Amino acid sequence: MPDTDCHVDRDINRDINRDIDILPAAARDLPGIVAIQNHTAATSHARFATGPQPMDERRAWFTQFADTGPYRMLVARRGEDVLGYACSQRFRDHDAFRETVEVSVGLGEGRQGQGLGTALYRALFGLLDDEPVHVVLAGIALPNDASAALHRKFGFEEVGTFREYAVKDGRYISSMWMQRLRPAAGS
């Protein structure tokens, strides 16, 4: 596996993000990941969970990620603190989708707008470049201009919107779907 023990890139504010390592997620990171997911679910519509997700449920979900292959999870860590994560996971459970992954990024409270999502995605997509992935998908609950901009930065294009297809806190939520195709060999 390529070396993912990297420090955040130079174009990111070093005063805010110094001493941050981006590493493959380990079992010890799961409480920090779950805390980010539960906080996001409680404070925004970006996660569709309608209540806190228990650690046992997330432990089973976490088993899908590996150190090799298309299904990866990276964490941004300062010391033992998980500041954010990015992952690629199976899109659908059919063999026809074996070259398609869905990605997401989650950042801890107060970590948005500091370049951490960019650093996590840069590392994740670097790993996926060596895997049999043809299409990378992302679903973004609307409105979320920052997430849409982050995905566009990495070459994602809008492919459609599912309108009012989820309900949370009595409100319908729409999601914009974006995709990034792997360039054909020799392009």
Side-chain angles (χ1 to χ4, degrees), residues 1-41 43-44 46-47 58 61-62 64-91 100-131 133 135-141 143-158 176-183:
M1 180 166 119
D3 181 16
T4 56
D5 292 349
C6 56
H7 284 278
V8 175
D9 297 332
R10 287 186 188 146
D11 63 338
I12 296 169
N13 186 332
R14 289 241 182 232
D15 292 333
I16 295 171
N17 290 321
R18 71 178 147 217
D19 302 323
I20 294 175
D21 292 311
I22 296 179
L23 308 159
R28 71 181 185 158
D29 299 315
L30 192 54
I33 294 164
V34 172
I36 291 168
Q37 292 176 337
N38 284 338
H39 176 77
T40 302
T43 60
S44 79
R47 269 190 79 71
R58 297 281 74 192
W61 164 82
F62 186 73
Q64 73 181 301
F65 302 107
D67 290 338
T68 62
Y71 312 124
R72 307 282 187 100
M73 178 175 269
L74 299 176
V75 293
R77 196 185 307 135
R78 178 180 286 133
E80 295 301 310
D81 295 330
V82 174
L83 307 175
Y85 68 89
C87 63
S88 59
Q89 55 193 343
R90 183 179 306 276
F91 172 63
T100 302
V101 297
E102 184 177 351
V103 296
S104 62
V105 63
L107 302 176
E109 186 176 3
R111 299 303 305 180
Q112 294 79 12
Q114 300 172 8
L116 194 54
T118 297
L120 281 160
Y121 262 178
R122 186 171 288 130
L124 179 64
F125 295 143
L127 295 175
L128 293 180
D129 283 345
D130 295 329
E131 299 299 339
V133 172
V135 179
V136 180
L137 300 173
I140 301 168
N144 193 334
D145 294 340
S147 184
L150 174 65
H151 288 85
R152 283 187 186 100
K153 180 190 286 191
F154 284 97
F156 283 76
E157 296 177 347
E158 183 177 347
M176 172 175 58
W177 281 82
M178 301 182 83
Q179 74 175 23
R180 175 178 130 164
L181 294 173
R182 175 182 238 155

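Quick caveat: nothing in here was measured; it's all calculated off a predicted structure.
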About how many Å separate [atom2] of [Y] and [atom1] of [X], when rounded to the nearest 0.5 Å?
X: Asp19; Y: Arg78; atom1: CG; atom2: CZ; answer: 6.5 Å
X: Leu74; Y: Arg122; atom1: CG; atom2: CZ; answer: 13.5 Å
X: Ser147; Y: Met176; atom1: OG; atom2: CE; answer: 7.5 Å
X: Tyr85; Y: Met73; atom1: OH; atom2: CE; answer: 6.0 Å

Residue list, side-chain contact (heavy atoms from CB on, under 4.5 Å) with [X], at least two apart or on another chain:
X: Ala138; answer: Val103, His151, Phe156
X: Leu150; answer: Val105, Thr118, Tyr121, Phe154
X: Thr100; answer: Phe91, Phe97, Val135, Leu137
X: Asp145; answer: none

Taking only residues two or more places apart in sequence, or in another chain, which ones meet [X] in a side-chain hydrogen bond (donor to acceptor under 3.5 Å, both in side chains)?
X: Gln89; value: Trp61, Gln64
X: Arg77; value: Asp29
X: Gln179; value: none

message: Applying side-chain contact (heavy atoms from CB on, under 4.5 Å) to Leu107 and Leu120, what does each step give before you reach the verdict?
response: CA-CA 10 Å; Leu107 302 176; Leu120 281 160; 4.0 Å; yes
Among all residues two or more places apart in sequence or in another chain, which pass the salt bridge (charged side-chain N to carboxylate O under 4.0 Å, His left out) test with [X]?
X: Glu157; answer: none
X: Glu109; answer: none
X: Arg152; answer: none
X: Arg47; answer: none

Taking every non-hydrogen atom, the tightest pair across [X] and [Y]:
X: Phe65; Y: Cys87; result: CE2-CB, 3.6 Å
X: Ala25; Y: Ile33; result: CB-CD1, 4.3 Å
X: Gly84; Y: Leu116; result: N-CD2, 4.5 Å
X: Thr68; Y: Glu131; result: C-OE2, 4.4 Å
X: Ala46; Y: Asn144; result: CB-ND2, 4.4 Å

message: Donor-acceptor pair, distance only, cut-off 3.5 Å: does the side chain of Ser88 make one with the backbone of Pro70?
response: yes
field: Check: Arg182 side chain, Val133 main-chain N or O, donor-acceptor pair, under 3.5 Å
entry: yes
query: Under the salt bridge (Lys or Arg N to Asp or Glu O under 4.0 Å) criterion, do Glu80 and Arg28 qualify, and how do the steps go?
result: CA-CA 9 Å; Glu80 295 301 310; Arg28 71 181 185 158; 3.0 Å; yes
- prompt: With sequence neighbours left out, what residues match Tyr71 under ring pair (Phe, Tyr, Trp, His ring centres under 6.0 Å)?
  reply: none
query: With side chains defined as the heavy atoms from C-beta onward, is the minimum distance between Leu83 and Val75 less than 4.5 Å?
result: no
field: Arg72: which of Asp67, Val101, Leu127 passes side chain to side chain contact (heavy atoms under 4.5 Å, CB included)
entry: Leu127
field: side-chain contact (heavy atoms from CB on, under 4.5 Å) between Arg90 and Glu102, worked out
entry: CA-CA 6 Å; Arg90 183 179 306 276; Glu102 184 177 351; over 6 Å; no
- prompt: Between Val82 and Ile36, is a side-chain contact (heavy atoms from CB on, under 4.5 Å) present by the stated rule, with each step listed?
  reply: CA-CA 9 Å; Val82 174; Ile36 291 168; 4.0 Å; yes
